[in-house]
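First up is the structure itself, then whatever we jot down about it.
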Amino acid sequence: MWDKRTLLAAGCATLLLLCGSCAGVQQTAQAPVQFPPVYEYQVYPFEVQDAEGIPLNHPFLGGFNLPRPQLVDIDGDDDLDLFLQELTGNLMHLENVGSAEQPAFRWRSNKYLNLDIGEWYRFVDIDRDGDMDLLGEQPYSYVRLFRNEGSPTAPVFTTVIDSLRDAEGVPLFADRQNIPSLADLDCDGLLDLFVGRVDGTVYRYESVGDDSLGLPRLQLVNRRFEDIEIVAQFGSLHGANALTFHDVDDDGDLDLFWGDFWEPGVLLIRNTGTCAMPDLRNEPEPFPLENPVSTSGYNATLFADINGDKEEDFFVGVLGGAFQPNRTTVGNFYFLESTQEGFQLRTEQFIGQIDIGSDTAPAFADLDGDGDLDMLLSNKIDQTDFDTGHIFHYENLSSLEDVLFRLVGRLPVSGYNSLSPALADLDSDGDLDMFTGTWNDGIHYYRNDGTAQAYAFVGVEELNIYLTRGSYSKPALTDIDADGDQDLFIGESSGELNFYRNTGSPSEPRFELVSDNFEGIDAGRMSAPSFTDLDGDGDQDMVLGREAGEALLYMNVGTPEAFVFEAAGSLSAELPFYSTPAFVDIDGDGAVDLFSGGMGGGLLFYKRIP
Amino acid sequence: MKHGRALLTAALGLFALTPQGISAQSAPSFAEEVLPLLQEKFAPLLEREEDLDLSSWETLMAGSRFGEVVIPFDAEGSLIIKLATRLDSSDALRPHADALAKEDIATVHAWIAHGARNDAGEVPFAGSQNLLYATSEDAAAVSIIDMDAKVVIRTIRLQELGFTKNAKPHHVAVEPDRSAWYVSLIGDDVVLKFNRANELIGRADFERPGMLALHRSQDLLFAGRSMKAVNPPRRIGMIERTSMEVEELDVFFPRPHALAIHPAGTHVYVGSLAENRLATLDYAKEGIDLTWIEGPTHTLVQFAIAPDGQTMVVGGQYTGKLFFFDTSNPASPALAQAIDVGGAPWHPVFSPDGSTVWLGNKMAGTATVVSLEKRAAAGVVEGLAQPHGSAVRPDGRYVFLSNNNLNGEYQARYNFGYNPGVVAVINTKTYQIEKMLEIGPNATGLGTAAL
């Protein structure tokens, strides 16, 4: 039986590398695992802590860049479950397994019930049967309805019509970048639909009864609802917006909250009328009044009582507008608790996870010479200095029983965007040297002039590598010809692959370009190579991450000394867009697990099933 | 040259769906049937059309002081038919419309629908050289304007070609030899190619296309992105015009919108709506460099480059700035100066001699004329309604500015139940608006073979 300690303990004997994207520790071969490999996506495989040592609640969720959240009790257990859209078409579901007073969310799905919601979604009981129906975008820019034909505790969604229609039977059109809202604004017991327009005005549709399917017949009653013209007021057009209604002042009528591409905050348009006679012809006010939020813009808001104190708390999903969205690639899910002193910001990351921005790439290496693999995770761009990315260092603090990583800092490498590290002892001095890809400045070589226990990376310009074309270089080191030194493969924006053979020696590397179109391989865009022995035949197989997510698989049917790669389809793991696979047996069960960075700025973990 | 090959295109056969395909055989005779009707029965309905001369086919097609009254092949879009059939009941002319016999309207309608030909079978403006293409997003249509006659001479209705009513045509690019033109449909995710006869001959599927820029010596068309998505791709499209195959080029930043090609043909410039950066793409070498613009959020809308390639301008929608870049080295545009023009500067255009820049100030309802030499405003044109696109006639005598007019700031001459989009025709010597050509609602991009 495989013993976890062989991975986690220092100084283990080595027979064969089981790690394609790591350096400094060699892992012993174990009993063959099933092939083709089977992976299981896991959000909570082991603990990861932030720089303060606080565990991240959802470490491997993948990161958020433009979350569109909604809290709704979808399973009738009297607490609020969390739904969140990060990608077009996909609705993430996190079940509240805690209580109404003390929520505890647990990831359940990245594509809730396999429903395709297009560019936006709204849960609402549109047919007033006591359970939540779901509205989304019918591509492009129409309104799709998934009716809940299950129950308040067990939803079953069915598509009853291709697009919701107005009272004349014409499909409702809503520009897909504008997230509409439904509310019974005039307290007549019927839902009204509000659709923001690109020019800052609002279309109001009013329900005029149900059709034969029990669906509301929505009549366009106003093309300039309450004469609202948000965008023009701020002197601009080209709009994108998100609307929400909520009675924020407890006066019995609904107020309007407006997030806009051109607005860094959230605007409150107060309803000074009554429930039956709403009046929203009022000046927009930045919200919360006492402490307005200010983000990169295009804010999607929601109100919900998350802690059972009977007060509606305030949440903001930052989609990123005209105010430098790179600022909010990490902090983009605001939670402001309703208190006696008003709304108080509690966190900008309501869902704690590994999230360092966007376009991440992992690598594993023993950076401190303690015999275990530390984790490096690089990003595209810093949130304040937009001319650089970073490489974050998560130290492996695992015990014999548990795997544990903690963020301990950043590698002293900067000045370039879209860093992508690959490490190996390239000069045989017993410590790990590093290549890192960059956005558009080649692949930089950093020699470790420190020790195996304390790195000191020094740039060695003459060993930098510049591609014949392309950007977003992604290097991978592997001894592909079993001659004892590390060879270099580099993916890049074109989706093709560059191969540099190390014609030097284990102590003095010299990389010579063999091909800038290796084997004619084309991954589409953003190729990111990784190597591991997937089938246990003793040679290195190749997996190519790419922009489309799904990684391509090339099996080495040659020998360790003479590779022959054959295309073998794709890896059976749902990797994120801009996938950057890295292989390591992190839990010591003898099966090499899979990590991947991606567009969201986090990290995903896929356990290989032995 | 190697590129990522995400080829998204489906080549098309010829789609001969334009109304020009209608046979002239069944058309009413102009001289014998239509002209007498116009002179005797329709004339009262046209009494507000100053300078309209109904004495001949040629004078009729020249239109009035305000623009055309007949658009060949587009009966429903022709003013004369709209007056006869869709005039608001409160209009004093309405009784004249009500007095018209249905068969008389049908006769004129049929004549126009068959091309408004003369009795020799000639189609009006068949030989027009200086054509301007104006998109109407809310009508899913493209109006073609004769820049010399200053009238609308054709309408391409995209729904008739199978596209949706929300296709939202946004921008047009035209081949230098006028043999074809291209339009981006931001609602239908496609870039279309039409030939000179306005037949649809190709398409390139491309998510959320926006601005277009046509390479004048290579077989390439570049496409930016529009706002019509929560998170559009951070790439532009490079379309091979012959095949309409698309290759996508990364630009690093979000919301790539502003787009231009340096006259040298070596570099493409792309600006972001979300951050103060522009990208310089050496597309042949797949190289890219970024240039920051300091200050608050500006939001770069669209570029224009002087004919000599030395200077590029771009407006900041949010701050009202107009930025001047030194592009004498196409690979390294250098910010040289910024001036305030205010009012959300939209699409700029250079005069043919490069001495002035014209741009609409969308939120101010004006246009600013900027002297390149003085780097200062040389004049302001009032009376516009959310000006958007811009184009200049090759001789430089007239500038054309499209106007969204979503706010109804321009009051339509007749009430047909909507705010029309408008193309303003501005005399570049007097800075006077000579015509406001009404087209479909929400007029946006303009395209011409000139400059």
Side-chain angles (χ1 to χ4, degrees), chain A residues 65-66 68 85 87-88 119-120 139-142 173 175-177 179 198-199 201 229 232 234-240 261-262 264 296-298 319-326 380-381 386-387 417-418 439-440 468-472 493-496 516-517 522-527 547-548, chain B residues 1-6 137 164-166 168 186-189 207-208 226-233 235 248-250 252-255 257 272-277 284-290 292 296-299 301 317-320 342-344 346 362-364 386 388 404 406-407 442:
Chain A
N65 284 337
L66 50 161
R68 284 147 271 180
Q85 179 173 13
L87 300 171
T88 299
E119 198 73 326
W120 57 267
Y140 295 110
S141 296
Y142 291 96
F173 180 82
D175 282 310
R176 65 196 311 237
Q177 77 275 25
I179 302 175
V198 293
D199 59 359
T201 60
E229 193 169 356
F234 284 79
S236 199
L237 284 168
H238 256 140
F261 187 87
W262 303 107
S296 63
Y298 201 178
L319 280 63
F323 305 93
Q324 183 51 269
N326 287 315
K380 175 178 179 178
I381 190 166
F386 307 129
D387 291 323
N417 291 116
S418 291
W439 166 50
N440 68 343
T468 58
R469 84 297 177 195
S471 52
Y472 295 97
S493 55
S494 77
E496 296 171 354
D516 64 359
N517 183 19
D522 188 346
R525 260 193 301 272
M526 304 289 183
S527 52
E547 182 185 307
Chain B
M1 184 174 74
K2 280 201 318 185
H3 298 285
R5 298 188 183 92
E137 284 196 14
T164 71
K165 75 171 187 177
N166 297 304
K168 296 187 182 295
I186 62 179
D188 280 1
D189 285 26
E207 186 179 354
R208 306 292 127 178
S226 74
M227 282 289 292
K228 295 291 189 294
V230 171
N231 187 31
R235 297 185 298 273
E248 298 197 12
L249 306 177
D250 181 85
F252 191 79
F253 50 58
R255 304 273 177 190
H257 187 269
S272 171
L273 286 174
E275 55 182 59
N276 290 343
R277 280 208 268 198
K285 297 177 182 173
E286 298 186 43
I288 177 171
D289 283 310
L290 301 178
W292 282 104
T297 296
H298 297 295
T299 306
V301 179
Q317 173 182 346
Y318 211 76
T319 53
W346 225 252
K362 177 163 279 197
M363 303 310 296
Q386 297 172 317
H388 190 109
N404 305 146
L406 292 169
N407 56 7
N442 196 10

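Below, each value reflects all heavy atoms present in this structure, side chains not excepted, and no hydrogens, waters or symmetry copies. By convention in this document, chain letters (A, B, ...) are assigned in the order of the sequence lines, proteins followed by strands, and residues within each chain are numbered from 1.
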Output the distance between atom [atom1] ([X]) and atom [atom2] ([Y]), rounded to the nearest 0.5 Å.
X: B:Glu137; Y: B:Asn442; atom1: CD; atom2: CG; answer: 5.0 Å
X: A:Asn440; Y: B:Phe252; atom1: CG; atom2: CZ; answer: 8.0 Å
X: B:Glu207; Y: B:Ser226; atom1: CD; atom2: OG; answer: 9.0 Å

Legend entry - Which portion of B:Asn276 sits near chain A, non-hydrogen atoms under 4.5 angstrom: neither

Legend entry - Which atoms of B:Asp250 approach chain A - backbone, side chain, both or neither, heavy atom under 4.5 Å: side chain

Between [options], which has the largest tally of heavy atom pairs under 4.5 Å with chain A?
options: B:Asn407, B:Asp189, B:Asn231; answer: B:Asp189
options: B:Thr164, B:Asp188, B:Leu290; answer: B:Leu290
options: B:Lys168, B:His298, B:Lys165; answer: B:Lys168

Inset, instruction - Flag the pair A:Phe261 / A:Phe323 as yes when their ring centroid distance falls below 6.0 Å, and as no otherwise. - result: no

Chain B: which of [options] shares the most heavy-atom pairs with it under 4.5 Å?
options: A:Tyr298, A:Phe386, A:Tyr140; result: A:Tyr140
options: A:Ser471, A:Gly470, A:Ala523; result: A:Gly470
options: A:Thr88, A:Asp175, A:Asn65; result: A:Asp175

Inset, instruction - Test the A:Arg176-A:Tyr142 pair against the cation-pi criterion, namely NZ or CZ under 6.0 angstrom from the six-membered ring centroid and within 45° of the ring axis. - result: no

With a 4.5 angstrom heavy-atom cut-off, could you sort out which part of [X] is near chain B: side chain, backbone, both or neither?
X: A:Leu87; answer: neither
X: A:Tyr472; answer: side chain
X: A:Asp387; answer: side chain

Legend entry - Sub-4.5 Å side-chain heavy-atom contact between A:Ser494 and A:Arg469: yes

Legend entry - B:Arg255/B:Glu275 salt bridge by N-O under 4.0 Å criterion: no

Legend entry - A:Lys380-A:Asn326 side chain donor-acceptor pair, cut-off 3.5 Å: no

